[in-house]
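Structure, as structure tokens:
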2 protein chains.
Amino acid sequence: MDKKLVQEINHLHAEICGGLSDPKRITILYALAEGPKNVMEIGDVLELPQPTVSRHLKILRERGMVVPERRGANIIYALSDKRIIRALDLLREVLADHLSQRSALAEAIA
Amino acid sequence: MDKKLVQEINHLHAEICGGLSDPKRITILYALAEGPKNVMEIGDVLELPQPTVSRHLKILRERGMVVPERRGANIIYALSDKRIIRALDLLREVLADHLSQRSALAEAIA
DNA sequence: TCTTTATATACGGAAATATGAATATATCCA
DNA sequence: TGGATATATTCATATTTCCGTATATAAAGA
């Protein structure tokens, strides 16, 4: 494939991964995996001020990870694709393995 | 679960995701999926100066995504877990769907 | 229309991250 | 030991990301 094109794709790929690289956004995504929620409801879950929530939602929206739907005065956000959660779960498994490996090492030393 | 603990976990989860949020690191991970490589070989693939490669490898290493093994003067890096590639592939699929949706929209407008 | 409610954006500063260039460390071999 | 090769780290700087506050937009209801 054309080198420029590959770079462009990898850039977008990195960008979507960047959507996951914040604890609050991860919490938002898992919350939406339970079902669609409006901005206030998400704010309640995260215990965060509304503008902060909106900004994180914008980041996720731009990357196509959540989808907004206006319902009256509210905007209801939904997870766009279950595969996002599957990817998150896989990475969490990798994290768990890494941590238990390290703690096993720590015990072996002690 | 304890709230502090959940936050700590989400922080680590975000950190491992952050390991994926750079085009060069994605290229490195896919390159290592083909098989272990030393730093020079990775540098050849990326066409990047060696210190830059080492710094990216450090980030991936700290997050437990790649594993170094010294062999003589070389250090050979290997992917620590195939699930990392599966997660990357899932997210690339989500990206592809998002892009084709948008291009379908673009055509519908034109 | 005016007010209230829900959501989004703009701005300024703080903190994290990335990068090139230079330098340090570690290993091998003569 | 000294030189060559492979890898890692440091430093200064540039860029990005994040947050709180303030403000703007959009819809609902009186």
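Protein chains get the first letters and strands the later ones, always in sequence-line order, with residue 1 at the start of each. These values consider heavy atoms only, across backbone and side chains, with no hydrogens, waters or symmetry-generated copies.
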For [N], take OP1 and OP2 only and decide whether either is under 4.0 Å from a side-chain N or O of [X].
X: B:Arg70; N: C:dA26; value: no
X: B:Tyr77; N: D:dA6; value: no
X: B:His56; N: C:dT17; value: no

Ignoring hydrogens and geometry beyond distance, is the side chain of A:Gln50 in donor-acceptor contact with the base of C:dA8 at under 3.5 Å?
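Donor-acceptor pair under 3.5 Å: yes.
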If you check the [X] side chain, which of [options] turns out closest?
X: B:Ile59; options: D:dT7, C:dT7, C:dA18; result: C:dA18
X: A:Lys24; options: C:dT19, D:dA6, D:dC19; result: D:dC19
X: B:Arg55; options: C:dA6, C:dT9, C:dG20; result: C:dG20
X: A:Pro51; options: C:dT9, D:dT9, D:dA8; result: C:dT9
X: B:Ala73; options: C:dT7, D:dA6, C:dT9; result: D:dA6
X: A:Thr52; options: D:dT7, C:dT19, D:dC19; result: D:dC19

Base, sugar-phosphate alone, or nothing: which one does [X] contact when heavy atoms must sit under 4.0 Å apart?
X: A:Ser54; value: base
X: A:Pro49; value: sugar-phosphate
X: B:Ile76; value: nothing
X: A:Arg25; value: sugar-phosphate

For A:Ser103 and A:Glu107, what are the C-alpha separation, side-chain angles and deciding distance, and is it a side-chain hydrogen bond (donor to acceptor under 3.5 Å, both in side chains)?
CA-CA 6 Å; A:Ser103 82; A:Glu107 290 202 19; 5.3 Å; no
Can you measure [X] atom [atom1] to [N] atom [atom2] for me and round it to whole angstrom units?
X: A:Leu48; N: C:dT7; atom1: CG; atom2: P; result: 15 Å
X: A:Arg71; N: D:dA28; atom1: CZ; atom2: P; result: 12 Å
X: A:Asn38; N: D:dA26; atom1: CG; atom2: P; result: 19 Å
X: B:Ile75; N: D:dA6; atom1: CD1; atom2: P; result: 13 Å
X: A:Asn74; N: D:dT25; atom1: CG; atom2: C1'; result: 15 Å
X: B:Glu69; N: D:dA8; atom1: CD; atom2: C1'; result: 18 Å
X: B:Leu57; N: C:dA18; atom1: CG; atom2: P; result: 13 Å
X: A:Glu62; N: D:dT16; atom1: CD; atom2: P; result: 14 Å

Any donor-acceptor N or O pair under 3.5 Å, side chains B:Asn10, A:Arg92:
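Judged by distance alone, the side chains do pair up.
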Assigning hydrophobic clusters by single linkage (Ile, Leu, Val, Met, Phe, Trp, Tyr; side-chain heavy-atom cutoff under 4.5 Å), is A:Leu60 placed with A:Leu12?
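Yes, because A:Leu60 and A:Leu12 connect within a single hydrophobic cluster, where side-chain heavy atoms sit under 4.5 Å apart.
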Joint cluster assignment, A:Leu79 & A:Leu20, ILVMFWY side-chain distance < 4.5 Å
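Yes; tracing contacts between hydrophobic side chains, which count when under 4.5 Å, links both residues.
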Worked check of side-chain contact (heavy atoms from CB on, under 4.5 Å) between A:Asp81 and B:Leu90:
CA-CA 10 Å; A:Asp81 195 313; B:Leu90 282 170; over 6 Å; no
Might you confirm whether atom CZ of B:Arg86 has over 12 heavy atoms from other residues, nucleotides or ligands at distances under 6.0 Å?
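Count not over threshold, so no.
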Where the side chain of A:Arg63 meets the backbone of A:Glu15, is there a donor-acceptor pair that is under 3.5 Å apart?
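Confirmed, A:Arg63 side chain pairs with A:Glu15 backbone.
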Any residue in residues 9-23 of chain A with a heavy atom nearer than 4.0 angstrom to DNA chain D? Just list them by number, or reply none.
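Under 4.0 Å from DNA chain D: A:Asp22.
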Determine, step by step, whether A:Leu91 and B:Arg83 satisfy the side-chain contact (heavy atoms from CB on, under 4.5 Å) criterion, reporting the C-alpha distance in whole Å, the side-chain angles of both residues, the deciding distance to 0.1 Å, and the verdict.
CA-CA 7 Å; A:Leu91 293 169; B:Arg83 284 175 292 195; over 6 Å; no
